[in-house]
Undergrad: 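Provided herewith is a single structure, encoded as structure tokens, for subsequent inquiry.
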Amino acid sequence: MNVRVEPPLALLAELSHRCPLQCPYCSNPLELERSGKELDTKTWTRILDEAAAMGMHQVHFSGGEPTVRKDLEQLVEHATKVGLYTNLITSGVLLDEKRLRALADRGLEHVQVSFQDTEEANADRIAGFKGHQKKLEVARLVRKIGLPLTVNAVVHRQNIDHVPDFLEMAVELGAERIEIAQVQYYGWALKNRAAFIPTYEQLQRTTKVVEEARKRLKGVLVIDYVVPDYYAKRPKTCMGGWARRFLNISPAGKVLPCHAAESIPNLAFDSVHEHSLQWIWDNSVAFNKYRGTDWMPEPCKSCDRKEIDWGGCRCQAYALAGDAGTVDPACELSPLHEAIFGLAMKEASAEAPEFIYRRIGTDETPDAPVFGHREPAE
Amino acid sequence: MERVVLSESSVPAFPRGVKFRFNNAKQQWVILAPERLLEPDETAVTVLKLVDGQRTLGGVIDALMAMITIDPPPRDVVATDVVAMLQDLADKAFLIDAAKVPQKAAAR
């Protein structure tokens with residue numbers, strides 16, 4: 001049964017999977033889409049038209065590295081023209097002042113620059129690319145030309161103790177926001193989980209630092225921070241609910257409810273080449289499968305938080321329990337919760353393994369272990 | 001950067017990167033900001049429409065008082081609510097004080 005669905009708030013436009021960095025926690029799928037399959041400018045502008053007509057408010061240009069696209073300026077200009085608020089999510093390493101100004105002149109509203117650490121050598125090692133100094137330079141340029149800046153600090157066991165330095169760096173750069181983003185264990189990060197998951201003690205220390213900083217920096221720096229799933233009591237409200245708030249388009253034009261959704265097998269996603277965004281939003285079988293609350297099993301179905309966390313994360317349920325339709329093991333009501341917590345503690349206390357860097361066409365390593373058993377392909 | 005503390009002599013304004021805007025497709029007012037979005041209620045929309053980067057906060061309150069024709073509450077009651085609401089937005093970086101910050105307020 002389908003009542004008319006509220007339109008999504010924002011479009012996540014993954015313009016390309018190409019990126020000079022090789023971060024081993026990349027949120028892109030293991031099977032990266034090649035540049036030859038990327039949507040052309042005309043198709044992207046059509047998508048932006050449709051997004052605006054649906055009532056979406058914002059577009060986040062992301063990737064891979066969105067600035068590899070030569071037509072980024074054109075897309076920003078078009079998005080602005082049709083009334084979408086534009087945001088650039090970038091590693092920064094390919095930007096210079098001229099290009100930033102060109103983007104700002106065409107209506108870009110905000111830039112988010114990712115950082116791998118506050119210590120240069122460690123940052124460059126994690127990124128698999130010598131880019132830390134360039135990132136600092138670009139972050140300063142963003143502020144110099146007057147655009148608001150978000151520092152995206154991806155944290156894990158190999159840098160989480162530098163969160164106080166990250167906060168200081170964000171203030172020093174004149175950022176108005178920092179995301180203390182815990183690595184999310186899907187795709188590449190799931191493969192590298194043991195190299196990233198922090199100890200429980202590290203996490204507790206960090207939470208304290210953040211709570212203190214939120215008071216000290218009130219009105220100066222907005223701090224976004226969430227506890228990593230494996231140590232959480234209740235699951236995160238992933239994407240504001242499956243196919244509820246966001247729409248993600250892959251470089252080749254697949255329309256997804258989130259960037260990790262393709263990690264769930266047996267879900268067929270529609271393409272912008274075949275249908276309009278509105279049609280897909282309303283009719284996609286994959287979107288409707290876990291939308292709302294009708295699909296929920298127990299303990300979600302009778303949970304008083306079911307319309308708060310919307311059952312948590314479907315990709316995580318699949319990754320950890322082998323079934324995308326079951327309770328997210330990040331929830332303490334999941335029978336797997338204790339095992340997940342224990343696994344995190346165990347992995348975090350062992351020596352960190354070598355990274356498996358994100359590269360196109362090098363995914364030959366086995367997936368991380370699963371607790372439940374995975375449903376065979378339908 | 002320092003925390004923006006609003007008073008009646010402040011000039012509340014939307015900074016660059018923050019847009020208070022009417023979404024035609026949804027017929028709804030929204031505040032768009034870096035990776036955040038607020039859907040203000042009707043009262044907040046009425047107040048925010050008076051935030052133009054020119055009026056002082058005191059002026060916003062006066063303008064609001066002038067709009068309430070039936071049973072207007074005392075001015076100080078309205079003022080307390082409005083200052084609290086706008087201070088909360090300032091703490092979330094949705095508003096600046098144009099009287100203090102040299103940064104030019106963005107046009108709506």
Side-chain angles (χ1 to χ4, degrees), chain A residues 6-10 12 50-60 62 80 82-89 104 107-112 142-143 145-152 170-179 181 214-224 240 245-246 278, chain B residues 1-7 10-41 44-45 48 53 57 83-108:
Chain A
E6 276 270 304
L9 300 175
L12 310 173
E50 291 184 12
M54 284 171 79
M56 280 194 242
H57 302 294
Q58 288 171 310
V59 55
H60 306 284
S62 164
T80 305
V82 297
L84 292 165
Y85 180 104
T86 53
N87 175 26
L88 178 64
I89 298 173
L108 184 66
E109 300 277 8
H110 170 250
V111 182
Q112 179 191 115
V142 170
R143 294 301 299 126
I145 67 172
L147 284 176
L149 169 74
T150 290
V151 165
N152 183 349
V171 172
E172 187 263 319
L173 289 171
E176 70 165 41
R177 256 181 98 238
I178 184 169
E179 282 182 23
R214 274 189 175 146
K215 281 183 209 142
R216 179 168 52 90
L217 299 173
K218 185 175 180 177
V220 173
L221 184 69
V222 178
I223 305 172
D224 274 16
R245 292 292 193 213
F246 299 96
Q278 182 74 63
Chain B
M1 269 210 310
E2 265 178 57
R3 183 183 175 209
V4 174
V5 180
L6 296 175
S7 66
S10 303
V11 179
F14 296 101
R16 188 161 178 190
V18 177
K19 292 271 148 71
F20 176 57
R21 181 187 277 180
F22 190 70
N23 184 311
N24 271 319
K26 285 193 165 175
Q27 293 290 299
Q28 175 200 18
W29 283 93
V30 282
I31 305 177
L32 301 171
E35 294 171 57
R36 288 171 299 166
L37 182 151
L38 274 189
E39 299 174 329
D41 62 21
V45 167
L48 291 171
L57 212 166
V83 172
M85 185 194 114
L86 297 186
Q87 182 63 52
D88 181 51
L89 289 175
D91 283 337
K92 290 176 177 149
F94 290 129
L95 283 179
I96 52 167
D97 182 355
K100 286 209 180 115
V101 182
Q103 189 181 6
K104 212 177 91 197
R108 268 232 292 273

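Per chain, numbering begins at 1; letters A, B, ... match sequence-line order.
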Undergrad: Is A/A52 in contact with chain B via its backbone, its side chain, both, or neither, using a 4.5 Å heavy-atom distance?
TA: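 Only the backbone of A/A52 comes within 4.5 Å of chain B.
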Undergrad: Name the one of A/N87, A/T150, A/N152 that satisfies side-chain hydrogen bond (donor to acceptor under 3.5 Å, both in side chains) with B/E35?
TA: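 Result: among A/N87, A/T150, A/N152, A/N87 is the only option passing the side-chain hydrogen bond (donor to acceptor under 3.5 Å, both in side chains) with B/E35.
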Undergrad: To the nearest 0.5 Å, tell me how far B/K26 NZ sits from A/M56 CE.
TA: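 Taking NZ in B/K26 and CE in A/M56, the distance rounds to 9.0 Å.
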Undergrad: Which atoms form the tightest heavy-atom contact between B/R16 and A/A104, and what is the distance?
TA: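 Reported closest heavy-atom pair: NH2-CB, 3.7 Å.
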Undergrad: By a 4.5 Å heavy-atom criterion (distance strictly below it), what part of A/L84 contacts chain B: side chain, backbone, both, or neither?
TA: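 Backbone only.
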Undergrad: Check the pair B/V18 / A/E176 against side chain to side chain contact (heavy atoms under 4.5 Å, CB included), numbers first and verdict last.
TA: CA-CA 12 Å; B/V18 177; A/E176 70 165 41; 5.5 Å; no
Undergrad: If you take all heavy atoms of B/E2 and A/V220, which pair is closest and at what distance?
TA: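 Heavy-atom minimum between the residues: C-CG2, 3.9 Å.
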Undergrad: By a 4.5 Å heavy-atom criterion (distance strictly below it), what part of A/H57 contacts chain B: side chain, backbone, both, or neither?
TA: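 For A/H57, the contact with chain B is made by backbone and side chain together.
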Undergrad: So which part of A/V222 gets closer than 4.5 Å to some heavy atom of chain B, the side chain, the backbone, both or neither?
TA: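 The side chain, not the backbone.
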Undergrad: Indicate the atoms forming the closest heavy-atom contact of B/K19 with A/Y85, along with that distance.
TA: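 So the two residues come closest at CG-CD1, 4.3 Å.
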Undergrad: Among B/P34, B/A25, B/A93, which has the most heavy-atom pairs under 4.5 Å with chain A?
TA: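 It is B/P34.
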